[in-house]
There are 2 protein chains.
Amino acid sequence: MDPVARRNDVVDALFRVVLRDGLQRASLRAVADEAGLNIGSLRHYFANQQELMSFAMQAMLDRVSDRLLRRVDEMGDVSALTREQRRSLTAGLLSELLPLDETRRAEVAVFIDFVAAARTHPAIDAELARRSAVGTRALVRRILVRMEDTGALRPGLDADVETERLSSLLDGLSLNTVLHPEVLSPEKCVRVLQAHLDDLTG
Amino acid sequence: MDPVARRNDVVDALFRVVLRDGLQRASLRAVADEAGLNIGSLRHYFANQQELMSFAMQAMLDRVSDRLLRRVDEMGDVSALTREQRRSLTAGLLSELLPLDETRRAEVAVFIDFVAAARTHPAIDAELARRSAVGTRALVRRILVRMEDTGALRPGLDADVETERLSSLLDGLSLNTVLHPEVLSPEKCVRVLQAHLDDLTG
DNA sequence: TTCTATTTATCACGGCTGTGATAAATAGAA
DNA sequence: TTCTATTTATCACAGCCGTGATAAATAGAA
């Protein structure tokens, strides 16, 4: 059996447990049960809890990152597009970070548990959580710079401030869509993002 | 001994534990130790874990709510103020929700653990978390409406969308300031909020 | 003082936790 | 087939958990 595939199976099981019962209940035994493995087998692939958690969090970040890169690849040559088309692509790219379907909703739910736990839980790598925040801001900043280069950005904006404003808005929208779906629906989530991008365009 | 004061002492101890070690480690024994009580004493004031958690979360919401109301009271007659003064008051009021000092930082840190756990943890009242989200939006909406009434709001804005945009921005800013202080400082947090309010003014 | 209600303090139980140690089963190469 | 390395499966241990039950101490009123 391919050990890489096995580890991914375990990570999938972990995500299901966290989504359903919360990170609190994601014990080694619970994850092993969910994966249909004996705890001994699980421990053969992950020496201890810390290793499993770090691997799982890294795997989640990789998945999101891969999806984003695939989006960028599919975009192709941007210079040949109209301003309207470019705006749509930008919105689509950032939407990749929002919990708009069940897959991304699960990801964000698990992610919230992870970053919240990273503040205090010894087995969860706080550095990984920090890197994801930095990564989001790097992406958002690149998008804003590109908008500015193509003249799509309203003049007189502070790049630092606008990067943080859009990044934190995305985080807040994700948080509320997942934790309070009856307060913030995915559709409204998109409308808010759209409104913000329109505002930046001026 | 005043039972009300005792319960508040316990809640304070709970907050300290959650801030330092996370909600995960806030067991009845740990909270009792932090409060300098025997677990038996603690259980005399709180029959079980669920009762303690609900009471603590309610207490936290009350504290924030009280601070907001006090702010509103101190504002007095708004109509006598200049536009600039009113803008400053608005920013100050909303800043009450941001983790700008150690007190509010602790509150937000505890709050994050609570709302995240509310999604799955049986002992934590999810309805309370929902109400706090609804409450924030009611406050933000009232502020936006008041701005519109005094002509301080840029025309052509969708109230629903702007309410959610500002609310989620506040949530995102709070989240990142607490979880990634090296990425988002309290000072930058304020600057971002200020920029957003300026944007709404037009 | 005596009685009563409040408050504080222990003990015990079953259950779950991560993990060390070790045995059993399986698969693949020689 | 035989040997070896991988994979799977158990057992045990110390530690923490919430909670039920009950005893001890304290305070305040009669």
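Note that the structure is predicted; figures quoted are calculated from it, not measured. Throughout, a chain's letter reflects where its sequence line sits, starting with A, and its residues are numbered from 1. Heavy-atom basis, side chains included; hydrogens, waters and symmetry copies ignored.
Using a 4.0 Å cut-off, some side-chain N or O of A/Ser41 falls inside it from OP1 or OP2 of D/dA9. Regarding contacts with the backbone of C/dC16, every side-chain N or O of A/Ser27 stays at 4.0 angstrom or more from both OP1 and OP2.
If you take CG of B/Asn48 and P of D/dG18, they are 11 Å apart, rounded to a whole angstrom. Note: CZ (A/Arg6) to P (C/dA27) measures 12 Å, nearest angstrom. Between the OH atom of B/Tyr45 and the P atom of C/dA9 there is a distance of 11 Å, rounded to whole Å. Between the CD atom of A/Gln49 and the C1' atom of C/dC16 there is a distance of 13 Å, rounded to whole Å. Going from atom CZ of B/Arg43 over to atom P of C/dT6 covers 18 Å, rounded to whole Å. Remark: C1' of D/dC13 and CD1 of A/Ile39 are 14 Å apart, rounded to the nearest angstrom. A straight line from CD of B/Glu51 to P of D/dG18 spans 15 Å, rounded to a whole angstrom. Spacing between atom CG of B/Leu28 and atom P of C/dT8 amounts to 16 Å, rounded to whole angstrom units.
A salt bridge is defined here as a Lys NZ or Arg NE, NH1 or NH2 lying under 4.0 Å from an Asp or Glu carboxylate O, and A/Arg165 with A/Glu162 meets this definition. Taking the charged nitrogens against the carboxylate oxygens, A/Arg67 and A/Glu107 do have a contact shorter than 4.0 Å, which makes a salt bridge. Salt-bridge annotation for B/Glu51 and B/Arg43: absent, with no side-chain N of the basic residue lying under 4.0 Å from a carboxylate O of the acidic one.
Along DNA chain D, the nucleotide nearest to A/Arg29 and the one nearest to A/His44 differ in position, and the one closer to the 5' end is contacted by A/His44. Comparing A/Gln50 and B/Gly36 by the nucleotide of DNA chain C whose heavy atom lies nearest to each, the residue mapping closer to the 5' end is B/Gly36.
Taking the six-membered ring for Trp and thresholds of 30 and 60 degrees, A/His196 and B/His196 have nearly parallel ring planes, at less than 30 degrees apart.
The base-pairing partner of D/dA14, taking Watson-Crick or G-U wobble contacts with both distances under 3.5 Å, is C/dT17. When both pairing distances are held under 3.5 Å, C/dT4 makes a Watson-Crick or G-U pair with D/dA27. Pairing partner, D/dT22: C/dA9, with both Watson-Crick or wobble hydrogen-bond distances short of 3.5 Å.
Across A/Asp171, A/Thr177, A/Asn176, a single residue satisfies side chain to side chain donor-acceptor pair (under 3.5 Å) together with B/Ser168, and that is A/Asn176.
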